[in-house]
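First listed ligand is number 1; within each ligand, the first listed atom is number 1. Numbers here are sequence positions counted from 1.
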Amino acid sequence: MTGTPRAVLTGFMGSGKSTVGSALADALGVGYLDTDAELERRAGRTIPEIFAHDGEAAFRALERDVVLDALATFDGVVALGGGSVTVPDIAAALSDHPVVYLRIGPAEGFARVEHSDRPLLNDPDPAGRYAELLAGRVPAYEAVATHVVDATAPVGVVVERVLSLLAPRGPEPADRSTA
Ligand SMILES: Nc1ncnc2c1ncn2[C@@H]1O[C@H](COP(=O)(O)OP(=O)(O)OP(=O)(O)O)[C@@H](O)[C@H]1O
Ligand SMILES: O=C(O)C1=C[C@@H](O)[C@@H](O)[C@H](O)C1
Ligand SMILES: [Mg+2]
């Protein structure tokens, strides 16, 4: 596939990138690509397995390749991993794209993911770890964002907010063979 993403969603774990991204793609009538899912598909392993056996640096190297490919070729909605913006090559590549930062605070965000298996929350104090990581990431999200959306509302409302911010895509160029 060739093209450029209609929208790229970033934000911390639990902000709703995957959930909102899928619904946004449906609303726009375009495809959807979740880079975490694509990474797991390519690696043939889950993200927790990759973190456990190979470590975070190896995961980020895989993430770099998957996200750069998506940004260069995919023409629908892309949902990034929560830490994608910490990879310098990814942050640089995002400057060419419409990037929506789904903003969420520590209490609301942690409540959404506390019973999941996100490896970075495998900590004696997962709520504290969540808050600490989020605070450290905010400048990176803000640096790449072309739009910022409050992601604490219900999914449908967040999707509507994103739609209202995205520039409408004009009609496809006329097909010269039938003009
Ligand atoms: N706006 C919302 N309101 C209520 N619950 C939500 C909302 N958005 C997402 N959720 C729920 O929060 C959880 C995490 O959402 P999701 O997996 O989409 O987050 P994410 O940003 O993709 O996280 P990660 O960075 O780990 O991939 C899911 O259970 C999802 O159903
Ligand atoms: O915030 C992060 O660093 C991560 C978020 C998830 O989307 C996954 O990409 C992975 O669990 C790492
Ligand atoms: Mg996700």
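- Rounded to the nearest 0.5 angstrom, T152 OG1 and R103 CZ are separated by 9.5 Å.
- Between R42 and D69 there is a salt bridge, with a side-chain nitrogen of the basic residue lying less than 4.0 Å from a carboxylate oxygen of the acidic one.
- Residue-ligand proximity, S15 to ligand 1, at heavy-atom distances under 4.0 Å covers atoms 21 (O).
- With a cut-off of 2.8 Å, the Mg ion (ligand 3) has no N, O or S atom of M13 in range.
- With salt bridges taken as basic N to acidic carboxylate O contacts below 4.0 Å, one links E56 and R60.
- Neither the backbone nor the side chain of S116 comes within contact range of ligand 1; no heavy atom lies under 4.0 Å.
- In A79, neither the side chain nor the backbone holds a heavy atom less than 4.0 Å from any atom of ligand 1.
- Listed for the Y130 side chain is a donor-acceptor partner under 3.5 Å among the backbone atoms of M13.
- In this structure, D36 does not pair ionically with K17, as no charged nitrogen and carboxylate oxygen lie closer than 4.0 Å.
- Residue-ligand proximity, F12 to ligand 1, at heavy-atom distances under 4.0 Å covers atoms 21 (O).
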**OP:** Would you sort out whether S84 and E63 count as a side-chain hydrogen bond (donor to acceptor under 3.5 Å, both in side chains), showing the intermediate values?
**Re:** CA-CA 7 Å; S84 298; E63 183 174 34; 2.7 Å; yes
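- At the shortest separation from atom 27 (O) of ligand 1 among protein heavy atoms lies D36 OD2, 3.4 Å.
- Counting atoms of ligand 1 from 1 in the listed order, those under 4.0 Å from a heavy atom of G82 are 25 (O).
- Which parts of ligand 1 touch P154 is read off a 4.0 Å heavy-atom cut-off, strictly below it: atoms 1 (N).
- A distance-only check finds no donor-acceptor pair linking the side chain of T10 to the backbone of Y141 [under 3.5 Å].
- Close contacts of ligand 2 with D36, meaning ligand atoms under 4.0 Å from a residue heavy atom, involve 6 (C), 7 (O), 8 (C), 9 (O).
- Ion pairing between R64 and D89 holds under the 4.0 Å rule for side-chain N and carboxylate O.
- Within ligand 2, counting atoms from 1 as listed, the ones closer than 4.0 Å to a heavy atom of R137 are 1 (O), 2 (C), 3 (O).
- Here R60 has side-chain heavy atoms under 4.0 Å from ligand 2, and that is the only part of it that gets that close.
- Of the possible polar contacts, none joining the Y101 side chain to the D150 backbone as a donor-acceptor pair under 3.5 Å is found.
- Both L94 and F74 belong to a common hydrophobic cluster when Ile, Leu, Val, Met, Phe, Trp and Tyr are linked at side-chain heavy-atom distances under 4.5 angstrom.
- The shortest N/O to N/O separation between G16 and ligand 1 falls below 3.5 Å.
- In the vicinity of G81, heavy-atom distances shorter than 4.0 Å reach the ligand 2 atoms 7 (O), 9 (O).
- For L120, every heavy-atom contact with ligand 2 shorter than 4.0 Å involves the side chain, none the backbone.
- Atoms of ligand 2 lying under 4.0 Å from at least one heavy atom of P119, given by number and element, are 11 (O).
- In this structure, R112 contributes its side chain and G14 its backbone to a donor-acceptor pair below 3.5 Å.
- The number of heavy-atom neighbours closer than 6.0 Å to CG of N122, taken from other residues, nucleotides and ligands shown, is 12 or below.
- Using a distance-only test at 3.5 Å, with no hydrogens or angles considered, no donor-acceptor pair links the side chain of T19 to the main chain of G16.
- For ligand 2, the atoms sitting less than 4.0 Å from at least one non-hydrogen atom of M13 are 1 (O), 5 (C), numbered in the order shown with element in parentheses.
- Taking a cut-off of under 4.0 Å to the non-hydrogen atoms of V155, the atoms of ligand 1 that pass are 1 (N), 2 (C), 7 (C), 8 (N).
- Side-chain atoms of E40 come within 3.5 Å of backbone atoms of I47 as a donor-acceptor pair (strictly under, hydrogens ignored).
- For the pair G14 and ligand 1, the shortest N or O to N or O distance falls below 3.5 Å.
- Not a single heavy atom of K17 sits closer than 4.0 Å to an atom of ligand 2.
- Compare E114, R118, R112, K17 by their heavy atoms: the one nearest to atom 13 (C) of ligand 1 is in R112.
- The side-chain contact (heavy atoms from CB on, under 4.5 Å) test with I90 is passed by exactly one of V144, V67, D65, V66: V67.
- The atoms of ligand 1 that sit less than 4.0 Å from any heavy atom of S18 are 18 (O), 22 (O).
- Atom 4 (C) of ligand 2 has its closest protein heavy atom at G83 N, 3.9 Å.
- Looking at atom 30 (C) of ligand 1, its nearest protein heavy atom turns out to be T19 OG1, 3.5 Å.
- Under the 3.5 Å distance criterion, the side-chain polar atoms of E49 are matched with a main-chain donor or acceptor of T46.
- Taking any N or O of R118, backbone or side chain, none lies under 3.5 Å from an N or O belonging to ligand 2.
- The nearest protein atom to atom 1 (N) of ligand 1, hydrogens excluded, is given as A153 O, 2.7 Å; this is a heavy-atom distance.
- By the criterion of a heavy-atom distance under 4.0 Å, neither the backbone nor the side chain of L102 is placed next to ligand 1.
- Note: no N/O pair closer than 3.5 Å links L80 and ligand 1 by distance alone.
- No continuous path of hydrophobic side-chain contacts links L28 to L71 [ILVMFWY only; heavy atoms under 4.5 Å].
- The protein non-hydrogen atom at the shortest distance from atom 5 (C) of ligand 2 is G82 N, 3.3 Å.
- Any N or O atom pair closer than 3.5 Å counts here, and T152 shares no such pair with ligand 1.
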